[in-house]
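Below you'll find the structure, written out as structure tokens, and then a few comments.
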Amino acid sequence: MAEDMKTLEETFRQQNKSCFILGASGETGKLLLQELLQRNIFSKITLIGRRQLTFEDKAYKNLVQEVVDFEKLDDHAAAFQGHNVGYCCLGTSRAKSGAEELIRVDHDYVLKSAELAKAGGCTHFHLESSKRADKNSNFLYLKVKGQVEADVEALGFDRFSIYRPALLLVDRQESRPAEWLARKVLGGLSYLFPTTMSFSSIPLQTVTRAMVSNTVLQSELKTEILENTVILTLGQSAEK
């Protein structure tokens, strides 16, 4: 599988495609960027965000950065033009930002960005969602995630990849005590019961590896939903 992936990456690389990342300052976005740079499958990578990011490593020197106001995205339509592939890692939580901000970031910003990306020529859009995302859910977070999945799908991308990971095992810079405790417990249990725990948690780096691997794979589906076990398998195959 690893050898096949290398061949697929080389074939993809020769197509000189470009991509953008939304949310590169967040935990998922940072690891996704590292993975893309390491595997070098794009000729150009653009970061779209609310502020300029600073990088010291020379590996980041060729990145393009577009600073936008998410409240006035129509004014920044040019930032979304000319990209073949888009990765959306935008997201917050109700506990961190409140209900209104959750809807604004996880739905409104995501959907508007997707609309501009589609108009700008993007053919493959990747969306980091959540396990049990459902627009009919009674839980606001899952409802918002499910609704934005449906709304982006309606835009009609040539290919739309939705990732629904379970609890992400990652050491966040910000403080979320309950989440930190859950990660520590589940992280330990995953070593003891790897098969069982694969349904409830996943290392963040495995998710980003799966996103990059899935980019070079062919799919007959316009919309594909990758649940946690599929993400785990795909991500682990890239580690070998």
Side-chain angles (χ1 to χ4, degrees), residues 12-13 15-92 96-97 101-129 144-145 148-149 151-163 172-174 204 207-209 211-212 214-216:
F12 189 93
R13 188 178 297 116
Q15 298 175 49
N16 292 317
K17 293 188 175 184
S18 65
C19 76
F20 69 83
I21 301 175
L22 286 161
S25 63
E27 301 297 340
T28 302
K30 284 189 289 189
L31 283 181
L32 175 61
L33 176 57
Q34 290 175 15
E35 190 71 18
L36 287 172
L37 289 172
Q38 179 181 338
R39 293 165 73 172
N40 191 32
I41 62 172
F42 288 104
S43 60
K44 178 182 177 183
I45 299 176
T46 300
L47 309 183
I48 301 177
R50 64 174 77 245
R51 60 185 174 85
Q52 192 89 2
L53 302 181
T54 302
F55 302 102
E56 297 181 358
D57 196 300
K58 291 182 179 180
Y60 297 86
K61 66 178 181 178
N62 293 324
L63 292 176
V64 176
Q65 296 198 54
E66 297 283 356
V67 177
V68 303
D69 181 346
F70 281 99
E71 292 296 326
K72 302 177 182 178
L73 277 177
D74 281 322
D75 294 343
H76 305 280
F80 293 87
Q81 293 179 356
H83 308 290
N84 304 102
V85 179
Y87 299 94
C88 183
C89 306
L90 290 177
T92 185
K96 176 185 176 183
S97 306
E101 185 70 6
L102 170 65
I103 295 171
R104 182 181 296 112
V105 174
D106 288 56
H107 180 274
D108 299 349
Y109 291 176
V110 171
L111 180 58
K112 188 60 183 180
S113 297
E115 290 174 353
L116 294 173
K118 177 69 166 54
C122 178
T123 57
H124 188 184
F125 193 79
H126 300 255
L127 177 64
E128 181 190 20
S129 186
V144 171
K145 290 294 187 182
V148 78
E149 287 181 2
D151 290 344
V152 173
E153 180 179 14
L155 297 177
F157 282 97
D158 289 356
R159 186 179 176 192
F160 178 35
S161 301
I162 300 169
Y163 302 86
R172 295 184 188 273
Q173 292 183 345
E174 62 193 59
L204 181 54
V207 177
T208 57
R209 282 173 175 162
M211 293 174 76
V212 178
N214 192 43
T215 301
V216 303

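Here, residue 1 is the first one in the sequence, and each next residue gets the next number.
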Atom of Arg13, atom of Arg39 and distance for their closest heavy-atom approach:
NH2-O, 2.8 Å
With the side chain counted from C-beta on, respond yes when His83 and Phe42 share a heavy-atom pair under 4.5 Å apart, and no when they do not.
no
Using side-chain contact (heavy atoms from CB on, under 4.5 Å) as the criterion, list what pairs up with Val64, not counting sequence neighbours.
Lys44, Thr46, Glu66
Any donor-acceptor pair under 3.5 Å from Asp106 side chain to Thr92 backbone
yes
Beyond-backbone contact of Glu71 with Arg104, side-chain heavy atoms, under 4.5 angstrom:
yes
Glu149-Ser129 side chain donor-acceptor pair, cut-off 3.5 Å
yes
Where Met211 and His126 come nearest, the two heavy atoms and their spacing
O-CE1, 3.8 Å
Which is it for Ile103 and Asp108 under the side-chain contact (heavy atoms from CB on, under 4.5 Å) test, yes or no, and what are the steps along the way?
CA-CA 7 Å; Ile103 295 171; Asp108 299 349; 4.3 Å; yes
side-chain contact (heavy atoms from CB on, under 4.5 Å) with Asp74: which residues, sequence neighbours excluded?
Lys112, Leu116
So do Val68 and Leu73 actually touch side chain to side chain, heavy atoms under 4.5 Å?
yes
Residue pairs involving residues 47-57 (criterion side-chain hydrogen bond (donor to acceptor under 3.5 Å, both in side chains); sequence neighbours excluded)
none
Drop me the distance from Leu37's CG to Leu32's CG, to the nearest 0.5 angstrom.
9.5 Å
So which heavy atom on Phe55 is nearest to which on Gln65, and how close?
CE1-NE2, 3.8 Å
Is the closest side-chain donor-acceptor distance between Asn214 and Arg159 under 3.5 Å?
yes
Spacing of CG belonging to Leu127 relative to OG belonging to Ser161, to within rounding of 0.5 Å
9.5 Å
Examine the side chains of Tyr87 and Thr28 and answer whether a donor and an acceptor come within less than 3.5 Å of each other.
no
Give, for atom CG of Asn84 and atom SG of Cys19, the distance between the pair rounded to the nearest 0.5 Å.
9.0 Å
As an exercise, state the distance from CZ of Phe20 to CG of Leu47, rounded to the nearest 0.5 Å.
11.5 Å
Is any side-chain heavy atom of Ser113 closer than 4.5 Å to one of Ile48?
no
Without hydrogens or angle criteria, can the side chains of Asp151 and His107 be said to hold a donor-acceptor pair below 3.5 Å?
yes
Between Glu115 and Lys118, is there a salt bridge with N-O shorter than 4.0 Å?
no
Roughly how far, to the nearest 0.5 Å, is NE2 of His76 from CD of Gln81?
13.0 Å
Heavy atoms only: give me the nearest Ile21-Ile45 pair and the separation to one decimal.
CD1-CG2, 4.4 Å
Atom OG1 of Thr208 and atom CG of Leu33: how far apart are they, to the nearest 0.5 Å?
10.5 Å
Is any side-chain heavy atom of Cys122 closer than 4.5 Å to one of Phe80?
no
Within the 4.5 Å heavy-atom criterion, are Leu22 and Val110 side-chain neighbours or not?
no
Any side-chain donor paired with an acceptor under 3.5 Å for His124 and Thr215?
no
Are the side chains of Asp158 and Phe125 in contact, using a 4.5 Å heavy-atom criterion?
no
